[in-house]
There are 2 protein chains.
Amino acid sequence: MQNATHVVVVDDHTDIRDLVRQYLEQQGYKVSVAESGSSLRRILERQTVDLIILDIMMPGEDGISLCRRIRASEDIPIIFLTAMAEETDRIVGLELGADDYLVKPFNPRELLARIRAVLRRATAPAALRAMHERRTVRIGHWRVNLGRQEICGEDGVGIPLSTAEFRLLKVFIERPGLVLSREQLLDLTVGRTADIFDRSIDNQVSRLRKKIEENPKNPSIIKTHWGGGYSLCAEVAFE
Amino acid sequence: MQNATHVVVVDDHTDIRDLVRQYLEQQGYKVSVAESGSSLRRILERQTVDLIILDIMMPGEDGISLCRRIRASEDIPIIFLTAMAEETDRIVGLELGADDYLVKPFNPRELLARIRAVLRRATAPAALRAMHERRTVRIGHWRVNLGRQEICGEDGVGIPLSTAEFRLLKVFIERPGLVLSREQLLDLTVGRTADIFDRSIDNQVSRLRKKIEENPKNPSIIKTHWGGGYSLCAEVAFE
DNA sequence: GACACTTCGTTACAATTTGGTACCAGTGCG
DNA sequence: CGCACTGGTACCAAATTGTAACGAAGTGTC
């Protein structure tokens with residue numbers, strides 16, 4: 001996995017910079033440091049940056065206005081570091097477009113967790129957007145046409161899916177690999193809450209499998225997790 | 001749209017639970033209640049949860065350690081309810097990953113405001129968050145994928161675990177190194193109380209070991225404590 | 001160390017739970 | 001009305017889990 005996530009730490013305290021840098025590098029991130037707004041800008045000019053960790057209190061241009069400037073031109077997630085737990089400051093930061101904040105002194109693990117959360121939130125919708133724009137998804141050797149609710153094999157022949165089947169497939173595609181309980185599936189497909197003896201999801205899965213699995217007895221696309229639910233096990237590619 | 005925001009209220013006081021439930025349902029949220037950690041866990045297993053409201057003081061497992069456990073394996077926003085305005089407790093809670101806290105007795109409107117704030121920050125609803133879900137734990141040389149209910153070796157080949165096996169492993173992962181008695185394990189995995197001659201946990205451990213231990217005779221992951229129970233002895237890293 | 005006693009690991013098997021799907025009935029739509 | 005779709009039911013198959021049993025291993029006493 002080259003192209004490691006690139007994080008820039010902006011803080012005028014050497015010790016904090018180094019602490020964060022060391023910890024994140026250890027976790028496989030690519031880390032750059034900057035001690036002021038101008039050095040940050042130099043980095044942004046030349047490199048692709050995935051996330052900025054920004055001390056809110058800095059000499060010269062402070063973090064808040066720096067944040068505003070970044071937001072004005074780029075769309076890079078920002079996590080604030082702040083020494084103040086004051087609610088007003090947090091709110092100002094968040095309203096300026098910071099994605100999260102962390103009060104010093106912080107637990108490195110919490111920093112890591114928040115970095116992950118922010119990156120996930122930043123990337124997930126983008127992927128979804130791409131999916132809906134392109135209107136097709138490749139899954140296993142099928143090409144799913146989201147607009148026409150049908151799937152095409154290699155030969156280009158389309159098999160129409162019923163609305164329920166298609167909804168189900170879409171739920172899986174949006175959560176590749178995740179194990180989803182029947183309850184969740186029912187909620188996600190039709191917004192209904194299940195009673196215990198509800199087998200409609202089983203039925204839908206069975207019907208869907210009959211259409212898309214080579215061998216329904218030995219499914220290669222929708223996997224059953226005994227006592228748990230179902231999951232999509234085929235490779236999903238957003239084209 | 002269907003899929004209303006799903007909030008779980010965890011409190012052992014019926015009145016507070018019902019107050020919050022009633023208020024939030026009125027506001028269009030989907031609300032579940034739990035009166036203890038184990039019932040919360042059961043909900044988390046089967047349903048998609050967007051936010052947890054957690055009383056910090058509860059009999060049995062208290063909110064703080066419960067929070068730590070949730071944070072270890074899930075990434076769901078948490079709001080603490082606390083009777084104490086003590087700063088230390090608040091800080092402990094926040095450092096453990098709680099997103100906000102509320103001091104009892106509280107104004108329902110304030111609760112609502114905080115819920116909105118927390119959810120705004122966790123911009124992607126739970127359904128979308130799942131999209132790029134990569135919650136994994138490294139344990140020994142295994143990579144445990146929490147979302148997919150499976151473990152992968154170095155070669156990336158996944159070994160499926162049964163739900164009971166997975167639940168057991170998860171209980172251990174959430175309490176690395178802790179020695180857990182059979183009784184505790186039974187309670188934590190299936191919420192059952194053990195009678196003396198219950199050997200089901202031994203069996204589960206045996207079956208799990210057969211899957212994940214190099215050499216089941218000389219276990220390097222799940223250790224037996226004679227007369228005490230079992231513990232996870234391998235290194236656990238949350239990625 | 002020999003012994004009795006307890007706890008643990010594992011196997012085999014039975015009981016139970018859960019999943020798959022054929023079939024039927026109700027629904028909505030043209 | 002005919003048609004396709006969907007959910008419910010029933011039945012069977014498959015997987016999992018608990019129990020019992022037995023031998024192995026640990027613990028304490030003499």
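Below, chain A is the first sequence line, B the second, and so on; all start at residue 1. As a basis for the values below, the full set of heavy atoms in this structure was taken, side chains included, without hydrogen atoms, waters or symmetry mates. Just so we're clear, the structure is a prediction, and the values are computed from it rather than from any experiment.
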Short question: side chain of R209(A), backbone of I222(A) - any donor-acceptor pair under 3.5 Å? yes

Using five base pairs at each end, measure the axis-to-axis angle across the helix from dG1(C)-dC30(D) to dG30(C)-dC1(D) and round it to 10 degrees. 40°

Q149(A) CD - dA4(D) C1' separation (whole Å): 14 Å

Could you tell me whether a side-chain N or O of R138(B) sits under 3.5 Å from a main-chain N or O of A237(B), the two making a donor and an acceptor? no

Taking only side-chain N and O atoms of T163(A), does any of them lie within less than 4.0 angstrom of OP1 or OP2 on dT6(D)? yes

Residue set satisfying side chain to side chain donor-acceptor pair (under 3.5 Å) with S231(B), at least two apart, ordered chain then number -> H225(B)

Side chain to side chain donor-acceptor pair (under 3.5 Å) filter on E213(A), not counting sequence neighbours, yields S220(A)

Measure from CD on Q204(A) to P on dA4(D) and round the result to the nearest Å. 17 Å

Rounding to a whole Å, what distance do you find between E183(B):CD and dC8(C):P? 12 Å

Spacing of L168(A) atom CG relative to dT6(D) atom C1', expressed in whole Å: 13 Å

Write down the distance between CZ (F166(A)) and P (dT6(D)), rounded to a whole number of angstrom. 13 Å

With sequence neighbours excluded, what pairs up with S32(B) under the side chain to side chain donor-acceptor pair (under 3.5 Å) test? H6(B)

Check K211(A), R207(A), K210(A) against E165(A) for a salt bridge (Lys or Arg N to Asp or Glu O under 4.0 Å) and give me the one that passes. K211(A)

Does the salt bridge (Lys or Arg N to Asp or Glu O under 4.0 Å) test come out yes or no for R41(B) and E45(B), once each step is laid out? CA-CA 6 Å; R41(B) 212 166 292 119; E45(B) 227 166 70; over 6 Å; no

Protein-proximity profile, nucleotides 18-30 of chain C, B/S/- by nucleotide at the 4.0 Å heavy-atom cutoff, equals BBBBBB-------

Salt bridge (charged side-chain N to carboxylate O under 4.0 Å, His left out): which pairs involve residues 216-236 of chain A, sequence neighbours left out? K223(A)-E150(B)

Assign E165(A) to base, sugar-phosphate, or nothing according to its heavy-atom contacts below 4.0 angstrom with the strands shown. nothing

